[in-house]
S.K.: 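Structure below; questions to follow.
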Amino acid sequence: MPSYWLMKSDVEDYAIDGMARDKRTDWVGVRNYQARNFMRDLMKEGDLAFFYHSNAEPSGIAGVVKISSPAKPDLTQFDKKSKYYDEGATKENPRWMLREVEFVKKTKFVSIADLRDIPACKNMGVLQKGSRLSITPVTEGEWKAIQSLL
DNA sequence: GCCAACGTTGGC
DNA sequence: GCCAACGTTGGC
């Protein structure tokens, strides 16, 4: 049984067109423990995720990606020149883990306002007030309700 | 650009 | 272990 996810990307940093061009990418830069734990412990290879544009006008779902690797260290945590550098992380004991994701498709854009209009989606993490988690689980019911709009 | 909400840090 | 201060996120 696959699980489903929603993964936010700041649209100015990395949008669906970059994902489509790259085909695969390491999901670098997650620096929140709960989001890390989802990637490290709960994601499975083959799981599908919505690619979500945050800080966009408007924000919303722009595509689908597939989890395509086991959990592995996010190498940017060791890179002093990276904005994601973390001086508390060591190669022996990495703090931040990531997954590689594979481009599946660009979808019809589903804005956050559209999502709010879907009754089956009202409990989605991304819709909760003050939600800042960059990776959230999506239920099968939510996934299917959104699929039916694409 | 604003600002509410959040997670993290650090003094105690 | 508390909690105020701070920096960041992210919708608008």
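First the proteins, then the strands, lettered A, B, ... as listed; each starts at 1.
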S.K.: Answer yes if the ring centres of Y84(A) and W96(A) are under 6.0 angstrom apart, and no otherwise.
M.R.: no
S.K.: Under a single-linkage rule joining Ile, Leu, Val, Met, Phe, Trp and Tyr whose side-chain heavy atoms are separated by less than 4.5 Å, which residues share a cluster with V11(A)?
M.R.: none
S.K.: By nearest nucleotide on DNA chain B, pick out whichever of K129(A) and R31(A) is the more 5' one.
M.R.: K129(A)
S.K.: On DNA chain B, nearest-nucleotide positions of R95(A) versus G130(A): which is more 5'?
M.R.: G130(A)
S.K.: Does the side chain of R31(A) come under 3.5 Å of the side chain of T76(A) through a donor N or O and an acceptor N or O?
M.R.: yes
S.K.: Mind listing the closest non-hydrogen atom pair of V65(A) and F51(A) along with its distance?
M.R.: CG1-CD1, 3.9 Å
S.K.: For residues W5(A) and F38(A), establish whether the separation of their ring centroids is below 6.0 Å.
M.R.: yes
S.K.: Within the 4.0 Å limit for protein heavy atoms, which parts of nucleotides 2-12 of chain C are touched? Write it as a string from 5' to 3', B for base, S for sugar-phosphate only, - for none.
M.R.: -----BBBBBS
